[in-house]
Protein chains: 2
Amino acid sequence: MQDNLSTTFAALADPTRRAMLAKLSQGEANVSDLAQPFLKEMSLPAVTKHLKVLEKAGLITKTREAQWRPCKINAEALKDAADWMEQYRVFWEESFDRLDEYLKTVTGNKKKKGKTNVRKK
Amino acid sequence: MQDNLSTTFAALADPTRRAMLAKLSQGEANVSDLAQPFLKEMSLPAVTKHLKVLEKAGLITKTREAQWRPCKINAEALKDAADWMEQYRVFWEESFDRLDEYLKTVTGNKKKKGKTNVRKK
DNA sequence: TTGTTAATTAACTACTTAGTTAAGTATAAG
DNA sequence: CTTATACTTAACTAAGTAGTTAATTAACAA
């Protein structure tokens with residue numbers, strides 16, 4: 001994968017992995033703890049792989065404790081993703097009227113929707 | 001893809017697509033406008049595919065204007081992703097000391113980690 | 001009608017991802 | 001030493017993703 005942000009988003013693009021993060025947000029857990037809700041749907045090696053994806057994305061840290069592998073969340077990696085999203089907040093939070101105003105200021109005057117506007121060449 | 005959130009994150013897990021959203025955050029643009037920065041790296045059909053991914057994720061809307069396809073951002077789809085992230089904010093915003101405190105309260109006390117534990121090979 | 005521009009579709013290839021089963025490693029416990 | 005537990009690695013498969021080139025559609029322009 002090319003860049004950090006892409007790796008982070010890709011890691012989040014799976015409900016199993018998001019559920020694992022949710023669990024870890026309540027504290028440390030071993031691999032088998034994390035696996036337990038999913039063992040009807042997938043095997044333990046599949047779980048190991050999901051954890052590896054989270055680990056490579058820097059979203060969790062796995063340590064050693066005898067034969068257990070306690071994992072903890074490392075949400076700093078989420079910060080970059082959240083920061084990236086932040087720049088789009090205006091698009092879903094502002095009212096449509098104000099968004100329209102904003103677009104006019106950054107684009108000059110488009111928004112008429114006549115056929116001559118979108119034409120660039 | 002299974003669920004909306006997964007589709008959204010997957011769509012964002014690509015720098016080309018994120019750059020297209022960034023461009024669209026400044027106003028409408030046609031496919032060829034969006035393609036222009038990438039035509040050294042990829043073909044137009046590849047761009048079409050990226051846009052289709054964004055469209056299926058609900059992140060953009062493509063309309064028709066003669067032979068052009070003006071696209072606009074539709075960041076409401078980002079809101080769900082941002083809301084999901086919001087629940088983890090505490091993990092990167094709180095000071096390390098307070099986070100550590102918090103983790104202790106939810107996990108009991110683990111963390112002994114003496115050298116006799118990690119014996120390897 | 002002929003040609004040009006804008007964009008999509010089709011068919012294909014290479015790579016990645018998500019899962020599997022079976023075998024292996026490491027630690028603890030009897 | 002043997003066995004059980006916790007987890008990983010290896011080898012494989014099926015499906016999905018990202019790109020290609022070539023052909024096609026649609027609207028406009030001459």
Side-chain angles (χ1 to χ4, degrees), chain A residues 1-3 6-20 28-57 60-71 114-121, chain B residues 1-3 6-20 28-57 60-72 110 112-121:
Chain A
M1 184 87 39
Q2 8 221 0
D3 57 294
S6 297
T7 306
T8 303
F9 281 130
L12 298 179
D14 183 287
T16 304
R17 289 192 291 261
R18 289 196 305 275
M20 288 168 165
E28 286 192 16
N30 297 325
V31 172
S32 44
D33 300 331
L34 292 166
Q36 180 265 312
F38 303 107
L39 292 180
K40 315 127 197 168
E41 309 152 25
M42 72 183 70
S43 66
L44 198 61
V47 169
T48 295
K49 285 190 180 184
H50 279 302
L51 290 173
K52 218 172 267 283
V53 171
L54 290 170
E55 205 179 7
K56 284 198 179 163
I60 68 167
T61 308
K62 214 185 307 180
T63 53
R64 306 180 62 132
E65 197 85 44
Q67 68 266 59
W68 293 275
R69 297 291 177 273
C71 303
K115 35 289 50 218
T116 48
N117 284 334
V118 233
R119 207 167 190 176
K120 261 206 189 144
K121 194 39 190 279
Chain B
M1 186 86 38
Q2 7 218 3
D3 57 293
S6 296
T7 306
T8 304
F9 281 130
L12 298 179
D14 183 286
T16 303
R17 291 193 290 261
R18 289 195 305 277
M20 288 169 166
E28 285 191 19
N30 298 324
V31 172
S32 44
D33 299 331
L34 292 165
Q36 179 266 311
F38 303 107
L39 292 179
K40 314 127 198 168
E41 308 152 25
M42 72 183 70
S43 66
L44 199 60
V47 169
T48 294
K49 286 189 179 183
H50 279 301
L51 289 173
K52 219 172 267 283
V53 171
L54 290 170
E55 206 179 4
K56 285 197 177 161
I60 68 168
T61 308
K62 215 185 305 183
T63 53
R64 304 180 63 129
E65 196 85 45
Q67 69 264 58
W68 294 274
R69 297 292 177 272
C71 304
K72 47 183 289 197
K110 296 196 168 183
K112 197 50 193 302
K113 224 172 172 214
K115 32 252 93 253
T116 48
N117 287 332
V118 245
R119 178 200 190 188
K120 55 170 68 161
K121 194 62 182 245

Grab the CG-C1' distance between A:L51 and D:dC7 for me, whole Å please.
10 Å

Rounded to the nearest angstrom, tell me the gap between atom CZ in A:F9 and atom C1' in C:dT17.
19 Å

With the side chain defined as heavy atoms from C-beta on, B:Q67 is closest, among C:dT5, D:dA6, C:dT9, to C:dT5

Work out which heavy atom in B:F38 is nearest to a heavy atom in B:A19; give both atom names and the distance.
CZ-CB, 3.6 Å

In whole angstrom, what separates B:R64's CZ from D:dA26's P?
8 Å

Just how far, in rounded Å, is P of C:dT5 from CG of B:D33?
16 Å

Hey, does B:M20 have a side-chain heavy atom less than 4.5 Å from the side chain of B:V47?
yes

Give the intermediate values and the outcome of side-chain contact (heavy atoms from CB on, under 4.5 Å) for residues A:S6 and B:R18.
CA-CA 9 Å; A:S6 297; B:R18 289 195 305 277; 3.0 Å; yes

What are the atom names and distances for every N/O pair under 3.5 Å that joins the protein to nucleotides 16-20 of chain D?
unit_1, atom_1, unit_2, atom_2, d
D:dA18, OP1, B:R17, NH2, 3.4
D:dA18, OP2, B:R17, NH1, 3.4
D:dG19, OP2, B:H50, NE2, 2.3
D:dG19, N7, B:K49, NZ, 3.0
D:dG19, O6, B:K49, NZ, 2.3
D:dT20, OP1, B:S43, N, 3.3
D:dT20, OP2, B:S43, N, 2.8
D:dT20, OP2, B:S43, OG, 2.6

Output all residues satisfying side-chain contact (heavy atoms from CB on, under 4.5 Å) with B:R69, sequence neighbours left out; order by chain, then residue number.
B:V31, B:K62, B:R64

Can you check the A:K52 NZ to C:dG19 P distance for me, whole Å?
16 Å

Keeping to residues at least two apart or across chains, list the side-chain hydrogen bond (donor to acceptor under 3.5 Å, both in side chains) pairs with something in residues 34-49 of chain A.
none

Atom CG of A:L39 to atom C1' of C:dG19: distance rounded to whole Å?
14 Å

Whole-Å distance separating the CD atom of A:Q36 from the C1' atom of D:dT5
17 Å

Report the nucleotide, chosen from D:dC7, D:dA26, D:dC28, that has the shortest atom-to-atom distance to any side-chain atom of B:A66.
D:dC28

Protein-nucleotide distance (B:K62, atom NZ; C:dT8, atom P), rounded to Å
4 Å

If you take all heavy atoms of B:W68 and B:N30, which pair is closest and at what distance?
CD1-ND2, 3.5 Å

